[in-house]
Amino acid sequence: PMVLTRVHLRPDGMTLEKAGKSTEILFEKVKKIEFSHISYLGGWFTLTINGREKYKISMMLERSEYILESLENINPQLI
């Protein structure tokens, strides 16, 4: 869950910080993006890295489109 998660975006990736733990995600390692939506509640997208690790990003995250734009710059086939 993204509740109380701090996201730091860079051109080549992002860092997720939650409860003292930090997770680094490099956009070049993202192999798949899945979009999900529930009417009236919102949506999210899931980043799959190397076929195993999955990270859900809520569309409620402020400026979540910046993540998608950065991913598109690294690998246009993903979007």
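Just so you know, these numbers use all the heavy atoms, side chains as well, and skip hydrogens, waters and symmetry mates.
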Rounded to the nearest 0.5 angstrom, the CG-CD1 distance for D12 and I25 is 12.0 Å

Residues R10 and E24 bridged, charged N to O under 4.0 Å: yes

Heavy atoms from other residues, nucleotides or ligands near CD of E62 exceed 12 (cutoff 6.0 Å): no

Check for me, please, whether L68 and L47 land in the same ILVMFWY cluster - side-chain distances under 4.5 Å, paths through other members count. yes

Are I38 and M60 connected in the hydrophobic side-chain network, where two residues link if heavy atoms are under 4.5 Å apart? no

Check S64 against S58 and note the closest heavy-atom contact, atom names and distance. CB-O, 3.9 Å

For a 4.5 angstrom cut-off between non-hydrogen side-chain atoms, does E34 reach K54? yes

The reported gap from OG1 in T5 to NZ in K56 (rounded to nearest 0.5 angstrom) is 13.5 Å

Heavy atoms only: give me the nearest K32-L78 pair and the separation to one decimal. N-CD2, 3.9 Å

Within a reach of under 6.0 Å around CE of M59, are more than 12 heavy atoms found that belong to other residues, nucleotides or ligands? yes

Report yes if the side chains of N75 and V30 come closer than 4.5 Å at any heavy-atom pair, otherwise no. no

In this structure, CD of E28 is separated from CD1 of I49 (nearest 0.5 Å) by 10.5 Å

Single-linkage hydrophobic cluster V7~L26, side-chain heavy atoms < 4.5 angstrom: no

Where do I57 and M14 come nearest, in terms of heavy atoms and distance? CD1-CE, 3.8 Å

In short, F27 meets S70 closest at the heavy-atom pair CE1-CB, 3.4 Å

Give a yes or no on this: more than 12 heavy atoms of other residues, nucleotides or ligands lie within 6.0 Å of atom CZ of F35. yes

Answer yes or no: is there a side-chain heavy-atom contact under 4.5 Å between Y55 and T23? yes

Show the nearest heavy-atom pair for residues T15 and S22, with the distance to one decimal. CG2-OG, 3.2 Å

CD1 of I33 to CG of L71, rounded to nearest 0.5 Å, is 4.5 Å

